[in-house]
Amino acid sequence: MMDAMIPARVASLKVSGIRKLFEAAPPDAINLGLGEPDVQPPQEMIDAYKAALDKGYNKYGPSAGVKELREAIARSLKRFRKDVAFENIIVTAGATEGMMIACETIVGGGDEVLVPNPGFIVYGPDVALAGGKPVEYSLKHENGFLPDIEEMKSLVTPKTKAIIVNSPSNPTGTVFPKDVVKAIADIATDAGLYILSDEVYHNFVYEGEHCSFARFHDDTVIVDSFSKTFAVTGWRIGYVATSKEIIQQLAKVQYYTLACPSTATQYAVLEGLRMENHYRKQLLETFRGRRDVAMRKLAEIPTFSTPPVSGAFYVFPRYSQKVDSEDFALRILAKGVICAPGSAFGSRGEGHLRFSYANSKENIEKGLDIVKEVAASI
Ligand SMILES: Cc1ncc(COP(=O)(O)O)c(C=O)c1O
């Protein structure tokens, strides 16, 4: 009865397909479904967090975040743009809140926004909750999961307001090379569009280097996070970087959404940014080794085809079995391995499975051996 009174934009939101599966998992299952590093953050950050609490940073702070952290983030972005200052940064409660307030700020009623399919699950709902219409562009297996530039151009209409991009990409593990970043930036520049660029995996690039969209397009809104970089997904902290004018608008929306980001957490992240890059480099090397193991094991499964991956911590093989991906993932789960069905990331993810290699090499080997047996039985 009450449900009928909930507006369609909320009632039509789906519960994440991944969560449903995780909840059905036996406690001793090997988890190749994780969307977060399986390690702890640097001890120095934990100590800084505790020290911040002891110093009395237990109160509200500024809506856009504390100035020292905004300055430190701006310094870290100077590798892409020399003109970044603290006024270009707002600290958020992770990229999830960052993308939501970016959509609320930029997308008007009826505006169209191009979103990836398959893609991270929040983009379509964020656009729709802001009153806009998500229009999907495809990331196809046969194109190495890179966008088809001609298709993207053909989707732009007078109502298009923005393009959402995500490189390194969840769920595909693809890193957009510089020429693709430039080609998308050119579409946005020609049509006068914003680019909302989710760069939360920028620290996980195994070949080549991360190329931010901010390099090529002024109207870029970078949505980034410390969740993956410092293994602090539970801390809920990230940021948005864009023009000073948009930051002022974002700060208003953030005020009504969150009041302000968590104060003590910001001092802990500040310590993380001050530290040498040692932790981040070590994390990258650990994950590179795991990526290699995952690719080697997947190559042993004759019905799987996995394009090379150079970023994030996911592989997204296409399979030739005639079962849907949820059914396939449930059969794998029944044998004790958690993975995500491709369909959880959009209609074009069907026929794929997503494996995360945020787990030990031993578990990746064991888990993918089980997947191989299940694949052989279908
Ligand atoms: C592509 C992508 N963007 C954003 C997020 C959310 O990050 P945060 O923890 O900062 O909200 C995730 C988490 O898995 C992700 O994969």
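Atoms within a ligand are numbered from 1 in the order they appear, just like the ligands themselves. All values derive from a computational prediction rather than experimental measurement. The figures here come from the full heavy-atom set of this structure, side chains too, leaving out hydrogens, waters and symmetry mates.
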Can you produce the list of protein nitrogen or oxygen atoms under 3.5 Å from a nitrogen or oxygen of ligand 1, alongside each distance?
residue: ligand 1; atom: 3 (N); partner: D198; partner atom: OD1; Å: 3.4
residue: ligand 1; atom: 3 (N); partner: D198; partner atom: OD2; Å: 2.5
residue: ligand 1; atom: 9 (O); partner: S227; partner atom: OG; Å: 2.7
residue: ligand 1; atom: 9 (O); partner: R236; partner atom: NH1; Å: 2.9
residue: ligand 1; atom: 10 (O); partner: A95; partner atom: N; Å: 2.6
residue: ligand 1; atom: 10 (O); partner: S225; partner atom: OG; Å: 2.5
residue: ligand 1; atom: 10 (O); partner: S227; partner atom: OG; Å: 3.3
residue: ligand 1; atom: 11 (O); partner: A95; partner atom: N; Å: 3.3
residue: ligand 1; atom: 11 (O); partner: T96; partner atom: N; Å: 3.0
residue: ligand 1; atom: 11 (O); partner: T96; partner atom: OG1; Å: 2.5
residue: ligand 1; atom: 11 (O); partner: R236; partner atom: NH2; Å: 2.7
residue: ligand 1; atom: 14 (O); partner: K228; partner atom: NZ; Å: 2.6
residue: ligand 1; atom: 16 (O); partner: N170; partner atom: ND2; Å: 2.8
residue: ligand 1; atom: 16 (O); partner: Y201; partner atom: OH; Å: 2.6

Discussion item. Between V371 and L368, is there a side-chain heavy-atom distance shorter than 4.5 Å?
Written reply: yes
Item to complete: Assess the pair F230 and W235: is the distance between their ring centroids shorter than 6.0 Å?
Response: no
Discussion item. Could you check whether D218 pairs with R81 (Lys NZ or Arg NE/NH1/NH2 to Asp/Glu carboxylate O, under 4.0 Å)?
Written reply: yes
Practice prompt. Could you tell me whether R331 sits above the aromatic face of F328, with NZ or CZ closer than 6.0 angstrom to the six-membered ring centre and within 45 degrees of the axis?
Written response: no
Worksheet item: Can R318 and E142 be counted as an ion pair, charged N to O under 4.0 angstrom?
Response: yes
Worksheet item: Salt bridge between D327 and K322, side-chain N to carboxylate O under 4.0 Å?
Response: no
